[in-house]
There are 2 protein chains.
Amino acid sequence: MGEDREQLILNVAEEMIRQGGYNSFSFRNIASAIGIKSSSVHYHYSTKEDLAVAVTKYYTDQFIGALGSPEDIVSSGKNPISQYVQAFRQALVKDKGMCLCGMLGAETDILPESVVAETRVFFQRNVEWLETAYRTSGEKDGAKEKAIQTVSLLEGAMITSNVMGDLSFFDAAVKLLDKS
Amino acid sequence: MGEDREQLILNVAEEMIRQGGYNSFSFRNIASAIGIKSSSVHYHYSTKEDLAVAVTKYYTDQFIGALGSPEDIVSSGKNPISQYVQAFRQALVKDKGMCLCGMLGAETDILPESVVAETRVFFQRNVEWLETAYRTSGEKDGAKEKAIQTVSLLEGAMITSNVMGDLSFFDAAVKLLDKS
DNA sequence: GTCTATAATTTGATAGAC
DNA sequence: GTCTATCAAATTATAGAC
């Protein structure tokens, strides 16, 4: 797949932020992972803040885009919440990393405002998606509350599973959703 | 106990880690917050790794200690899970910070092994406490699974509430526990 | 677009005086 | 226990050549 240079930078930065947050990636680290110099990374993204905003936007678009629409999932006979849980599980298994916006969300206090704002967009769009999913599945009341519960549980499940190095923690945690 | 200075260093370091994680505190920042020099901080904790381990141990002991025993809570007629939720809520409201071990748990991949090990202790002890709480409250089966669900949900609820800057996200999220 | 070179600052850590 | 002084390395960022 023909990734251009900016995409490659975004992908490497994403991986680093998902492993250790905003303060764990540097222009030099990204550059050497790609095989270029740090000044070349600055050519594409002039400041660290700019790069982090771009990564967050890219991550959010990819994540929401990969989900598809809740309505389509329901009308194809599948459970949109199960699909949503699988998206988080895949992120943990395949990329072996945290949710980028879960990580940044925890670090809110030390982030540039523009990055915080973009991280909030992730959560807003996720809550919207889940709200629609619950409504389309027949939940009349409390769809937004259910949405907040679901995304919160999944972010937390990633943390416990990540630190314990045991995916069964993730699976145990998300079973809580079966009861609602 | 090496109360005064060392305690102060631990408290300042705790606050900084809870705001931005392992890479967001430095010997100089801690020193200037206290009014001493960075070399004096090194006198008490020779390396950053040592300091982080000490902070994590201290945080875990304080957190578990403040909870009291689940048995005592139950026999005094109160709900231990409600008390547990309140402990997390207080951490968010009063200190305006994340759970230290939730933060470090997310950053596992970039932490020294000794810090990861100590962070795991936090989660192990929390799961144990909750397991006992659920068993003492009359739950026969699945107490450990419930424990994992509860601590995961609370860690995630702190993230969403923190990033959105709205405590109602925390309150909405934890209502999921009422259904189990 | 990428490079070399460099500036200004911060970092974790140490040596030795008091 | 705290200080001054210092170090080597890393950080974000810029200027200018090719």
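So that the names make sense, note that chain A is the first sequence line, chain B the second, and so on, each numbered from 1. As the structure is a prediction and not an experimental result, all values here were calculated from the model.
Take A/K96 and apply the side-chain contact (heavy atoms from CB on, under 4.5 Å) test, not counting sequence neighbours, and it matches no residue. Judged as a side-chain contact (heavy atoms from CB on, under 4.5 Å), and not counting sequence neighbours, the contacts of A/A87 are A/F63, A/L67. In this structure A/H44 satisfies the side-chain contact (heavy atoms from CB on, under 4.5 Å) test together with A/R5, A/E6, A/I9, sequence neighbours excluded. By the side-chain contact (heavy atoms from CB on, under 4.5 Å) test, B/E14 pairs with B/N11, B/R18, B/V55, B/Y58, B/Y59, B/L100, sequence neighbours left out.
Nucleotide C/dT14 holds its P atom 10 Å from the CG atom of B/D50, rounded to whole Å. Spacing between atom OH of A/Y22 and atom P of D/dT11 amounts to 14 Å, rounded to whole angstrom units. Per the geometry, CZ belonging to B/F27 stands 5 Å off P belonging to C/dA13, to the nearest Å. Atom C1' of nucleotide D/dA5 and atom NE2 of B/H42 are separated by 14 Å, given to the nearest angstrom. We find that CG of B/N23 is positioned 17 Å from P of C/dT10, with the value rounded to whole Å. Between A/L8 atom CG and C/dG1 atom P there is a gap of 14 Å when expressed in whole angstrom units. Distance A/K48 NZ to D/dT14 P: 15 Å, rounded to the nearest Å.
Ion pair B/D72/B/K78 not flagged as a salt bridge, since none of the NZ, NE, NH1 or NH2 atoms sits closer than 4.0 Å to an Asp/Glu carboxylate oxygen. Between A/R135 and A/E139 there is no salt bridge, since no side-chain N of the basic residue sits under 4.0 Å from a carboxylate O of the acidic one.
Under the salt bridge (charged side-chain N to carboxylate O under 4.0 Å, His left out) criterion, the residue pairs touching residues 163-174 of chain A are A/R89-A/D171, with sequence neighbours excluded. The ring pair (Phe, Tyr, Trp, His ring centres under 6.0 Å) analysis of residues 133-180 of chain A, with sequence neighbours excluded, yields no pairs.
Against DNA chain C, the stretch residues 104-119 of chain A makes no heavy-atom approach under 4.0 Å.
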Run the side-chain donor-acceptor check on residues 102-118 of chain A: report pairs under 3.5 Å with partners two or more places apart or on a different chain.
{"residue": "A/E107", "atom": "OE1", "partner": "A/Y22", "partner atom": "N", "Å": "3.0"}
{"residue": "A/T108", "atom": "OG1", "partner": "A/G105", "partner atom": "O", "Å": "2.7"}
{"residue": "A/S114", "atom": "OG", "partner": "A/E49", "partner atom": "OE2", "Å": "2.6"}

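Note on B/S26: every side-chain N or O is 4.0 Å or more away from OP1 and OP2 of C/dT10.
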Scan nucleotides 2-6 of chain C against the protein and return all N/O pairs shorter than 3.5 Å with their distances rounded to 0.1 Å.
{"residue": "C/dT2", "atom": "OP1", "partner": "A/R5", "partner atom": "NH1", "Å": "3.0"}
{"residue": "C/dT2", "atom": "OP2", "partner": "A/H44", "partner atom": "NE2", "Å": "2.8"}
{"residue": "C/dC3", "atom": "OP2", "partner": "A/K37", "partner atom": "N", "Å": "2.7"}
{"residue": "C/dC3", "atom": "OP2", "partner": "A/S40", "partner atom": "OG", "Å": "3.0"}
{"residue": "C/dC3", "atom": "N4", "partner": "A/S39", "partner atom": "OG", "Å": "3.4"}
{"residue": "C/dT4", "atom": "O4", "partner": "A/S39", "partner atom": "OG", "Å": "3.0"}

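Nucleic acid contact for A/Y45: none, since no nucleic acid atom lies under 4.0 Å from a heavy atom of the residue. Contacts of B/N29 with the nucleic acid, taken as non-hydrogen atoms under 4.0 Å apart, involve only primed sugar atoms and P, OP1 or OP2.
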